[in-house]
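Have a look at the structure below, then the notes.
Values below: every heavy atom of this structure, side chains too, minus hydrogens, waters and symmetry copies.
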Amino acid sequence: MGISWEYRLIGINIKSSPKPSTSNDAKQIPNMSKEFLEKEFSQYYSSDKNDNIALQCQNLINIYGKRGWEHYLQGQIGNLILFYFKRKVDI
């Protein structure tokens with residue numbers, strides 16, 4: 001029985017996106033009021049999204065590390081950070 005490598009590539013978009021706005025969203029959806037959006041989707045509009053890119057990258061690497069993936073390379077194309085992982089597979 002031999003050993004082979006399995007590879008995985010994960011991309012994270014690091015471009016900042018604006019925080020959700022009920023006013024802007026209500027304008028884009030016909031017959032949808034700001035009040036309705038605030039009431040029905042309160043968690044979405046009140047959530048404090050984590051913009052700490054370093055922490056998000058650390059969490060990603062730890063998640064895959066626990067699953068047996070080794071982070072061996074990192075690169076960037078435009079706004080995309082690419083994480084390269086590999087792990088041994090029995091063949």
(request) Give a yes or no on whether Leu9 atom CG has more than 12 heavy-atom contacts from other residues, nucleotides or ligands under 6.0 Å away. (result) yes
(request) Check whether any side-chain heavy atom of Asp25 lies under 4.5 Å from a side-chain heavy atom of Phe41, and answer yes or no. (result) no
(request) Identify whether Ile81 and Tyr84 are in the same connected component of the hydrophobic contact network (ILVMFWY, side-chain heavy atoms under 4.5 Å). (result) no
(request) Tell me whether Tyr7 is reachable from Ile63 by hopping between hydrophobic residues (I, L, V, M, F, W, Y) whose side-chain heavy atoms are closer than 4.5 Å. (result) no
(request) Identify the heavy atoms of Glu6 and Trp69 that sit nearest to each other, and give their distance. (result) O-CZ3, 3.4 Å
(request) Compare every heavy atom of Leu82 with every heavy atom of Gly11, then report the nearest pair and how far apart it is. (result) CA-CD2, 4.0 Å
(message) Restricting to non-hydrogen atoms, name the atom on Ile91 and the atom on Ile3 that form the minimum distance, rounded to 0.1 Å.
(response) CG1-N, 4.3 Å
(message) Please give me the minimum heavy-atom distance between Ser33 and Ala26, naming the atom from each residue.
(response) C-CB, 3.9 Å
(message) Can you tell me how far apart NZ (Lys66) and CD1 (Ile61) are? Round to the nearest 0.5 Å.
(response) 13.0 Å
(message) Please evaluate residues Phe83 and His71 with respect to the criterion ring pair (Phe, Tyr, Trp, His ring centres under 6.0 Å), reporting the C-alpha separation (whole Å), side-chain torsions for both, the decisive distance (0.1 Å), and the verdict.
(response) CA-CA 7 Å; Phe83 292 90; His71 174 244; 5.5 Å; yes
(message) Using a 3.5 Å distance criterion without hydrogens, assess whether the side chain of Arg8 forms a donor-acceptor pair with backbone atoms of Arg87.
(response) no
(message) If you compare all heavy atoms of Tyr64 against all heavy atoms of Phe85, which two are closest, and at what distance to 0.1 Å?
(response) CB-CE2, 3.6 Å
(request) Give a yes or no on whether Leu73 and Leu60 share a hydrophobic cluster (residues Ile, Leu, Val, Met, Phe, Trp, Tyr; joining criterion: side-chain heavy atoms under 4.5 Å apart). (result) no
(message) With clusters defined by side-chain heavy atoms of hydrophobic residues (ILVMFWY) lying less than 4.5 Å apart, directly or transitively, does Ile10 cluster with Ile53?
(response) yes
(message) Whether the side chain of Glu38 engages the backbone of Glu40 through a donor-acceptor N/O pair (distance < 3.5 Å, no angle test) should be reported.
(response) no
